[in-house]
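From a predicted model like this one, the values you see are computed outputs, not experimental measurements. All values below were derived from every heavy atom in this structure, side-chain atoms included, with hydrogens, water molecules and symmetry-related copies excluded.
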Amino acid sequence: MLPEMLRHRCFWTCRRQVFSYEVAMPELPEVETVVRTLRPQVLGCRIERVDVLRERSLHPLSLPVERLAGTRISAVRRRGKLALLDLEPPAAAAAVPVPSLLAVHLRMTGRFMVHPEGAAPLKHTRVIFHLQRPDRCRAQLFFDDVRAFGLVFAATPALLERWDFWCSLGPEPLDMGPGELGPRLRGGRAIKAALLDQTVLAGIGNIYADESLFRAGIDPRRPAGELSEAEADRLRRAVQEVLRESIAQCGSSIRDYRDANGNVGAFQNTFFVYGRGGQACRRCGSTLEKSRIAGRATVSCPRCQH
């Protein structure tokens with residue numbers, strides 16, 4: 001069960017914002033919230049079978065989902081923007097490789113939801129995992145995906161290492177210590193572009209790049225390699241503060257994001273800059289500026305982020 005305060009925060013509703021957001025995919029706080037809310041519902045469950053309603057929702061390298069039958073979900077965790085379900089093999093030895101992990105990239109609109117046994121697929125259900133709980137009751141885990149960009153990957157460790165995206169992921173932002181971010185910020189590209197690069201930091205997207213740079217007082221257009229050691233460490237602390245605050249509020253619900261209980265997040269109600277171009281800065285009152293960096297809409301304060 002989630003802590004009482006966290007459960008209440010998950011039920012906060014999304015306020016309508018004045019600025020029209022770009023479509024945002026779940027970032028680290030949203031995926032972490034999905035993992036935390038999914039874990040108590042599926043941990044220890046045995047996968048009896050899998051129905052694939054859209055073949056293209058499976059990763060091209062994925063093992064056949066039939067091999068998931070009999071595996072038990074032993075852990076639910078996150079790496080960057082990926083939800084990971086660790087699997088224990090069935091008791092009987094198999095002559096073919098059995099998946100030991102399910103890696104799921106939610107992309108823009110992917111979501112998990114547990115339903116009772118026999119529930120009919122929804123309009124955008126792409127994969128159904130039929131589960132037997134530890135108490136022998138049965139349930140269904142739906143992977144729904146409106147835009148159908150998400151991917152489900154049944155993998156072994158060796159197979160996972162063949163996925164370029166997985167192999168290139170940078171460190172987890174919340175695990176970084178003093179002095180560890182600066183050396184990763186090299187070159188003349190904008191610091192906003194560097195933060196969006198998953199090989200630099202895993203899990204940061206447009207929302208948390210904008211909010212972290214505002215918190216650190218750094219212009220998003222500044223060349224990443226020009227940040228001083230002190231500035232880079234200030235940015236590291238800002239990234240960690242913003243991520244932790246968002247996780248505590250169950251992430252940001254812009255359009256489609258919901259956690260595994262179907263609840264929205266609340267962090268969007270405290271944005272300082274993301275999606276607020278043309279509005280007054282909540283800190284100094286200046287008009288927030290809109291620009292485009294690395295192909296992404298960017299909002300910053302000309303006074304607070306000099």
A.B. asks: For F271, does its backbone N or O pair with a side-chain atom of R282 as donor and acceptor, under 3.5 Å?
C.D. replies: yes

A.B. asks: Please find out if less than 6.0 Å separates the ring center of F153 from that of H105.
C.D. replies: no

A.B. asks: Under 4.5 Å between any side-chain heavy atoms of V273 and S300, yes or no?
C.D. replies: no

A.B. asks: Looking at G265, is its backbone amide N or carbonyl O close enough to the side chain of Q268 to form a donor-acceptor pair, meaning the two atoms are under 3.5 Å apart?
C.D. replies: yes

A.B. asks: Before giving the answer on side chain to side chain contact (heavy atoms under 4.5 Å, CB included), spell out for H115 and L122 the whole-Å C-alpha distance, their side-chain angles and the decisive distance to 0.1 Å.
C.D. replies: CA-CA 11 Å; H115 296 268; L122 304 176; 4.3 Å; yes

A.B. asks: Is atom CD of E229 surrounded by more than 12 heavy atoms (other residues, nucleotides or ligands) closer than 6.0 Å?
C.D. replies: no

A.B. asks: For P173, is there any backbone N or O sitting under 3.5 Å from a side-chain donor or acceptor partner on Q240?
C.D. replies: yes

A.B. asks: First locate atom OG of S246, then atom OH of Y208, and finally report the distance between them rounded to the nearest 0.5 Å.
C.D. replies: 2.5 Å

A.B. asks: Compute the ring centroids of F112 and F142, then answer whether they are less than 6.0 Å apart.
C.D. replies: no

A.B. asks: Which heavy atom of V76 sits nearest to which heavy atom of I73, and what is that distance?
C.D. replies: CG2-CG2, 4.0 Å

A.B. asks: Are any non-hydrogen side-chain atoms of P157 and S100 less than 4.5 angstrom apart?
C.D. replies: yes

A.B. asks: Please check: side-chain N/O of T270 versus main-chain N/O of F267, any donor-acceptor pairing under 3.5 Å?
C.D. replies: yes

A.B. asks: Who are the side chain to side chain donor-acceptor pair (under 3.5 Å) partners of R222, not counting sequence neighbours?
C.D. replies: E231

A.B. asks: Determine the sole option in H130, R72, R133 for which the side-chain contact (heavy atoms from CB on, under 4.5 Å) test with C45 is passed.
C.D. replies: R133

A.B. asks: Any sub-3.5 Å donor-acceptor pair from T298's side-chain atoms to R296's backbone N or O?
C.D. replies: yes

A.B. asks: Are V242 and L174 connected in the hydrophobic side-chain network, where two residues link if heavy atoms are under 4.5 Å apart?
C.D. replies: yes

A.B. asks: Which value, rounded to the nearest 0.5 Å, describes the distance between R276 atom CZ and E211 atom CD?
C.D. replies: 9.0 Å

A.B. asks: Salt-bridge test for R215 and E245: reply yes if a basic N is under 4.0 Å from a carboxylate O, no otherwise.
C.D. replies: yes

A.B. asks: Is there a donor-acceptor pair closer than 3.5 Å between any side-chain N or O of R79 and the backbone N or O of L82?
C.D. replies: no

A.B. asks: In Å, rounded to the nearest 0.5 Å, how long is the span from CD1 of I47 to CG of L102?
C.D. replies: 5.5 Å

A.B. asks: Run the side chain to side chain contact (heavy atoms under 4.5 Å, CB included) check on I247 and L28 step by step: do they pass?
C.D. replies: CA-CA 8 Å; I247 291 170; L28 187 155; 4.1 Å; yes

A.B. asks: Side-chain contact test, heavy atoms from C-beta onward, threshold under 4.5 Å: evaluate it for M176 versus L201 and give yes or no.
C.D. replies: yes

A.B. asks: Would you kindly confirm whether M108 and L196 end up in one hydrophobic cluster when ILVMFWY residues are joined by side chain heavy atoms under 4.5 Å apart?
C.D. replies: no

A.B. asks: Carefully, step by step, assess V50 and I128 under the rule side chain to side chain contact (heavy atoms under 4.5 Å, CB included).
C.D. replies: CA-CA 6 Å; V50 181; I128 300 176; over 6 Å; no

A.B. asks: Looking at side-chain heavy atoms only, is the closest gap between V200 and L185 below 4.5 Å?
C.D. replies: yes

A.B. asks: Using a cut-off of 6.0 Å, state whether more than 12 heavy atoms not belonging to R56 lie near its atom CZ.
C.D. replies: no

A.B. asks: In terms of hydrophobic clusters joined by side-chain contacts under 4.5 Å, are V65 and V98 together?
C.D. replies: no

A.B. asks: So L181 and D233, side chain to side chain contact (heavy atoms under 4.5 Å, CB included) or not? Walk me through it.
C.D. replies: CA-CA 7 Å; L181 179 58; D233 206 52; over 6 Å; no

A.B. asks: For T109 and Y257, does a side-chain donor sit closer than 3.5 Å to a side-chain acceptor?
C.D. replies: no

A.B. asks: May I have the step-by-step check of side chain to side chain donor-acceptor pair (under 3.5 Å) for S74 and D86, ending in yes or no?
C.D. replies: CA-CA 5 Å; S74 59; D86 292 319; 5.2 Å; no

A.B. asks: Taking all non-hydrogen atoms of both residues into account, name the closest pair between N206 and E27 and its distance.
C.D. replies: N-OE2, 3.2 Å

A.B. asks: Are L159 and W166 connected in the hydrophobic side-chain network, where two residues link if heavy atoms are under 4.5 Å apart?
C.D. replies: yes

A.B. asks: Quick check: closest heavy atoms across R221 and I293, and the distance to 0.1 Å?
C.D. replies: CG-CD1, 3.6 Å

A.B. asks: Will you find, in the side chains of Q41 and N261, an N or O donor that is under 3.5 Å from an N or O acceptor?
C.D. replies: yes

A.B. asks: Would you find more than 12 non-hydrogen atoms of other residues, nucleotides or ligands less than 6.0 Å from R303 atom CZ?
C.D. replies: no

A.B. asks: When you measure from the side chain of Q279 to the backbone N and O of T287, does any donor-acceptor pair fall under 3.5 Å?
C.D. replies: no

A.B. asks: Under 3.5 Å, is there a donor-acceptor pair linking the side chains of H306 and D219?
C.D. replies: no

A.B. asks: Provide the full list of salt bridge (Lys or Arg N to Asp or Glu O under 4.0 Å) pairs with a residue in residues 183-195, sequence neighbours left out, each pair given once.
C.D. replies: R189-D197, K192-D210

A.B. asks: Among the clusters formed by ILVMFWY side chains lying less than 4.5 Å apart, do F143 and L58 turn up in the same one?
C.D. replies: yes

A.B. asks: Could you report the tightest heavy-atom contact between L53 and P121, atom names first, then the distance?
C.D. replies: CD1-CB, 3.8 Å

A.B. asks: Measuring from atom CD1 of I191 to atom OG of S212, what distance do you get when rounded to the nearest 0.5 angstrom?
C.D. replies: 10.5 Å

A.B. asks: Heavy-atom count check: over 12 atoms from other residues, nucleotides or ligands less than 6.0 Å from D175 CG?
C.D. replies: yes

A.B. asks: Below 4.0 angstrom, N of the basic side chain to O of the carboxylate: do D145 and R147 qualify?
C.D. replies: no

A.B. asks: When rounded to the nearest 0.5 angstrom, what distance separates CZ in R258 from CD in E30?
C.D. replies: 12.0 Å

A.B. asks: Output the distance between atom CZ (F272) and atom CG (L213), rounded to the nearest 0.5 Å.
C.D. replies: 14.5 Å

A.B. asks: Taking all non-hydrogen atoms of both residues into account, name the closest pair between T125 and D144 and its distance.
C.D. replies: OG1-OD1, 2.5 Å

A.B. asks: In the structure I gave you, are the side-chain heavy atoms of L106 and R111 within less than 4.5 Å of one another anywhere?
C.D. replies: no

A.B. asks: Might you point out which heavy atoms bring V299 and G275 nearest each other, and give the distance in Å?
C.D. replies: CG2-N, 4.1 Å

A.B. asks: Please confirm whether the backbone N or O of G80 pairs with a side-chain atom of R78, one donor and one acceptor, at under 3.5 Å?
C.D. replies: yes

A.B. asks: Just wondering, do I204 and L243 contact through their side chains at under 4.5 Å, heavy atoms?
C.D. replies: yes

A.B. asks: Taking atom types as modelled, find out whether T33 and D259 have a side-chain donor-acceptor pair closer than 3.5 angstrom.
C.D. replies: no

A.B. asks: Of all residues at least two apart in sequence or in a different chain, which pass the salt bridge (Lys or Arg N to Asp or Glu O under 4.0 Å) check with R126?
C.D. replies: none

A.B. asks: Go through the steps to decide whether E32 and R36 satisfy the test salt bridge (Lys or Arg N to Asp or Glu O under 4.0 Å), and finish with yes or no.
C.D. replies: CA-CA 6 Å; E32 179 66 25; R36 292 185 182 190; 2.9 Å; yes

A.B. asks: Any side-chain to backbone donor/acceptor pair from R107 onto G150? Under 3.5 Å, distance only.
C.D. replies: no

A.B. asks: Kindly indicate whether the side chain of T199, heavy atoms from C-beta on, has any atom under 4.5 Å from the side chain of L169.
C.D. replies: no

A.B. asks: For the pair R136 (side chain) and Q132 (backbone), establish whether a donor and an acceptor sit closer than 3.5 Å, ignoring hydrogens and angles.
C.D. replies: no

A.B. asks: How about L141 and L38: do any of their side-chain heavy atoms sit closer than 4.5 Å?
C.D. replies: yes

A.B. asks: Is R138 salt-bridged to E48, cutoff N-O under 4.0 Å?
C.D. replies: yes

